[in-house]
Structures are given as C-alpha cells and as structure tokens.
Number of protein chains: 2
Amino acid sequence: MIFNDYIEYNGVFMSHPSPKLSLFEQFAAVAKALSSAPRLDLLELLAQGERSVEALAQTSGLSVANTSQHLQVLRRVGLATSRKAGAHVFYSLSGDDVLDLLAALRRTAGRHVAEVDRLVRGYFKERDALEAISRGELVRRMREGSVTVLDVRPPEEFAAGHIAGAVNIPARDLKQRLAELPAGAEVIAYCRGPYCVLAFEAVATLRHHGVMARRVEDGFPEWRAAGLPVAGGA
Amino acid sequence: MIFNDYIEYNGVFMSHPSPKLSLFEQFAAVAKALSSAPRLDLLELLAQGERSVEALAQTSGLSVANTSQHLQVLRRVGLATSRKAGAHVFYSLSGDDVLDLLAALRRTAGRHVAEVDRLVRGYFKERDALEAISRGELVRRMREGSVTVLDVRPPEEFAAGHIAGAVNIPARDLKQRLAELPAGAEVIAYCRGPYCVLAFEAVATLRHHGVMARRVEDGFPEWRAAGLPVAGGA
DNA sequence: ATAACATTCAACATATTAATTGAATCTTGG
DNA sequence: CCAAGATTCAATTAATATGTTGAATGTTAT
C-alpha cells in the first residue's frame, strides 16, 4: 500500500527510508534498536512467544507507555512485528534470524564480560560448579528417564509453552516447594535463555539443599527453535 | 594487573564494570558500539585485517581524531583489540565471533531492508540481474578455470590479502582498464563484504560494457574465515 | 451511547552521543 | 636533545535518545 511519499509497512506508515540511508546506516539503525537494556529485556520476553503490550510491561517492570514506545522502535527496524486482536496488540519476534542475532550478541558480549571478570577476580569461583549441560545431552538424559526437568519461569510463561515433560516451580517459590521434586533424579533447570539468572539461582538453591542440579546451556526459545518437543502454548 | 579500583584490560584502564552493570546492560553496550555507521564502516575495514589508525582514517574518510575515538569505543566493549608497534597503533577485530555478529546483523537488517524495498518499488528490478554466486560455487568454477576473479578493492587492501588467483582492478579504474581482463571467461567480482557496494558497481559497469559478470555473495573476510586459499598479506 | 480498558501519541526535562578543534603525549630518526 | 609524526585527550557544540506525564484514540461490554 503506497501513498505519495509514505508506505505502510508492518502496520506503520513510514516515509521512504531507503533512498537516503546507506546500508551501513540501515545496519546501524538495527543495532541502535538493540542498544538499550529494556529493549533487550523485551526481546528476550518476545523470544518466549507472542505477548501483549500490557503483559510485556508487567513482566519487564516498565510503564505501559514506555513499553509501547520501545516496542515500536523494535518494530520500526524489523526486529519485531505486531498483530492487532481486538483491543490488544500482540508483539512477537519477526523471525528466527532475530534469535540468531541475539545469540551472536550474547556470545560476543559474554566473551568480553568473561575476560574482564577473569581479570577482576583471579578466576571463576562457583561458575564451574554451575556447569551447564547442552541441549543434546538433556535430550539423551530425558530419554533415559534419569532427570527431572525443571522450568523456573513464572507460571504464565510456562503456560505459554515449555519443554515437554518439564515441571514448573518458579524460582521464587523453589525453597518452599522442594518436596515436589522426585527424589533420586538429577534436576536440570532452565528458564528464558542462556543468560537468564533464574536458572543460576535455582541451581544454587537446589545444591544448597543437597539436591543434584545443573542448568541447561540455553533456554526455552532456543529449545523450541531447535524443533525439540514442546508442550503448552496457544 | 589490578589497582585499587581500576583494572587494565586491553591496554585500557577501566573502573570495575561488572558489579553494577546487568548482563543486559553489557549486551546493550556492545550493541551501542555497533549502532553507528562510521563504526560499522571501521569494523568492515578491520574485518579485512589489522590496520593502523591512520590507514583506517584515510580509507573511511573520517578525521584521525574521530577515527581514534570510534576505535576506542570498539575496543572498550571488546569488539576490537589494539597493538602498539612503535609510533603506530594497529587495531584488529577481537575474534571470529565478531564476524559472526556482523553477519547476523547484516542478515536481519538486510531482510528488513529487502522487505521495505519490495514494497517501495513493486519488485526488484536489477537486483536479480546482479545475482550473486556463493563461495562454494566460486571455488568450483575456479577449479574449472572458467572464471576471472576480480578484486575491486583499493590496491592497499588487495596487497594486505586477497583471494588466491584474483586480479586487482579498483572499482574506480575499472572503466579504463577493461582491456586487462582476459576475454571469454565470466568475471566474478568481490570486495570487502556482502554489502560492499564496490562489487555491485563493478558488475554493473562490466555488464554495461558487454562483459559477463556477477559478484560473490560475500567478501574477502568471509572467504578467509572459511579457510579458503589466500594470497598476499603480512 | 457510555464506561472501562488497551494502546498510542505529543510534549517535556534530562541525559548521551557525535564530530570538530586544538592541545597534549609518546615515539622515532637525525 | 630536538623535530616530526602518530595517536590520544579535553572541551565545545549540535543533535538525538530516554522516561515521564497526561491526553487522545480505538475497542469491548454493559
């Protein structure tokens, strides 16, 4: 749908962007959209699946107006898309390439952080103890039936989709609900993504209570993107 | 080397960054470093190999002071490293993960640009004519000897490393030097990277003069990163 | 229709960023 | 040691981004 000098794209009317912007400027615009912690937070939530503005505002702790504006930034550069359903607007990632981009960003930034960390405190301390297991290994262990898979995200996120066969105990409630975990089997915790702290905390808590526990290398979005079995969701 | 509250990292003294910065803030800082066209330009040049500040300023067209400052931004977030050799400082990418990150950024941003473009002008016009060939296909064609590989970057960059067997005619000089190209064989042009315009222009020029020509899907950095045969360089 | 709700818009104060300029630092060759 | 060159630093200005507030829009249910 093209008007005189404005095109509609993704539900937004925008003036012709391409003519003047060099490719580098286009790339820079995408990077700029990624260059804010709240927006990365939102993207990580979107990586879990489609969410309404309100839901995103709630879980991210941002004001609704602020959330809306950040989401529009993400949409404008093509990282997210939106769908209007009645009075609600649902946002989601615009494609799997966005997951790849986020993963690449995490990898590079994480490497740098790790290097700095190593300098700051002579070496890693507990990080080794919190060694993660890979997706592949988790699949193998699940087939053997020798593990309990623990989803430590909030119930709403669990309900929207989770690793098939996982148990949901939010990180907050874990201490009170330890009894619900089957005895004997090692617990493998996961949450939103590779850098979601919930899983780290859960593993620490479990070990502190004498439960064998590790975390999965990455989170639910990566699991689903890999085409592995998922339960729940729309 | 740790002082009271400052650590030396990468030749820079920085105050403890980790304690306060959340992971998202760390990631955002890296993205912010990518969010400027001049810096992406510099990164693309660095992807070719190590370069001095002066050389980078020259090829990018930025002032030396400005170049230096941008490079320091890249270094601070771990995208680039520097090495001091006499009076010169040589910068380079800090690892292959940076190439991956740039590739992911290009892919996502490029997809978006393509979608917008398709809307703006009913459909691609010449883009199809400028269809690229993949690295793999180029390797095959080179083995057959049925192609002339043309490097259209400036001579300095060519000298610093190029695809083994390539001919160097800078894009600027191409029109004058058409005669140097062996007749008969299709010409395959490449330059700095997948979005380097030089190769596009070269192909357009060649076709305009009746020479069969296409460009390679990506550029020299990707070729070298793939472990394919390289000539020249330090 | 009207009220309640979800989302977006517009305007503002505050903070960051980018490029320029000129000076400061450091290194090498004479 | 001194002069020239390479790089970095510091200070300035103009431009841009962020988060808040309150109003505007559009949608559903009563």
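In the text below, chain A, chain B and the rest are named by the order of the sequence lines, each starting its count at 1. Worth saying up front: this structure is predicted, and the values here are computed from it rather than measured.
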Participant: Hey, is the side chain of Gln69(A) pairing donor to acceptor with the base of dA17(D) inside 3.5 Å?
Facilitator: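 No, no donor-acceptor pair under 3.5 Å.
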Participant: What is the separation between atom NE2 on His88(A) and atom P on dT27(D), rounded to the nearest whole Å?
Facilitator: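 Spelled out: NE2 on His88(A) to P on dT27(D) is 13 Å.
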Participant: Counting only side-chain heavy atoms from C-beta out, which of dT8(C), dT27(C), dT27(D) sits nearest to Tyr91(A)?
Facilitator: dT8(C)
Participant: How far apart are the closest heavy atoms of Arg153(A) and Phe158(A), and which atoms are they?
Facilitator: NH2-CA, 4.0 Å
Participant: What is the distance from CG of Asp41(B) to P of dA18(C), rounded to the nearest Å?
Facilitator: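 It works out to 15 Å between those atoms.
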Participant: Rounded off to whole Å, could you give me the CG-to-P distance for the Leu74(A) and dT8(C) pair?
Facilitator: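 In whole Å, dT8(C) P lies 12 Å from Leu74(A) CG.
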Participant: Do any side-chain nitrogens or oxygens of Ser68(B) fall under 4.0 Å of OP1 or OP2 in dT8(D)?
Facilitator: yes
Participant: So with a 6.0 Å cut-off around CD of Glu156(A), is the heavy-atom count from everything else above 12?
Facilitator: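 Above 12, so yes.
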Participant: For Lys84(A) and dT7(C), is the shortest distance between a side-chain N/O and OP1 or OP2 below 4.0 Å?
Facilitator: no
Participant: Indicate, with a heavy-atom threshold strictly under 4.0 Å, whether Thr67(A) touches base, sugar-phosphate, or nothing.
Facilitator: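 Nothing, no nucleic acid heavy atom in range.
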Participant: Taking Val64(B)'s backbone N and O only, do any of them form a donor-acceptor pair with Ser68(B)'s side chain (distance below 3.5 Å, no angle check)?
Facilitator: no
Participant: Please state how far atom CZ in Arg83(B) lies from atom P in dT27(C), giving the value in whole angstrom units.
Facilitator: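 Rounded to whole Å, this separation is 15 Å.
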Participant: Figure out the CD/P separation between Gln72(A) and dT18(D), and round it to whole Å.
Facilitator: 13 Å
Participant: Taking atom P of dA17(D) as reference, at what distance in whole Å does atom CG of Leu34(A) sit?
Facilitator: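 After rounding, the reported distance stands at 15 Å.
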Participant: Quickly work out the Arg39(B) CZ to dT16(C) P distance and round it to whole Å.
Facilitator: 16 Å
Participant: Counting side-chain heavy atoms from C-beta on, which of dT20(C), dT7(D), dT7(C) comes nearest to Val53(B)?
Facilitator: dT7(D)
Participant: When you check the side-chain N and O atoms of Asp97(A) and Thr108(B), is any donor under 3.5 Å from an acceptor?
Facilitator: yes
Participant: When the distance from CZ of Phe90(A) to P of dT27(D) is rounded to whole Å, what number comes out?
Facilitator: 15 Å
Participant: For Gln72(A), is the CD atom crowded, meaning more than 12 foreign heavy atoms sit under 6.0 Å from it?
Facilitator: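 It does: Gln72(A) CD has more than 12 such atoms within range.
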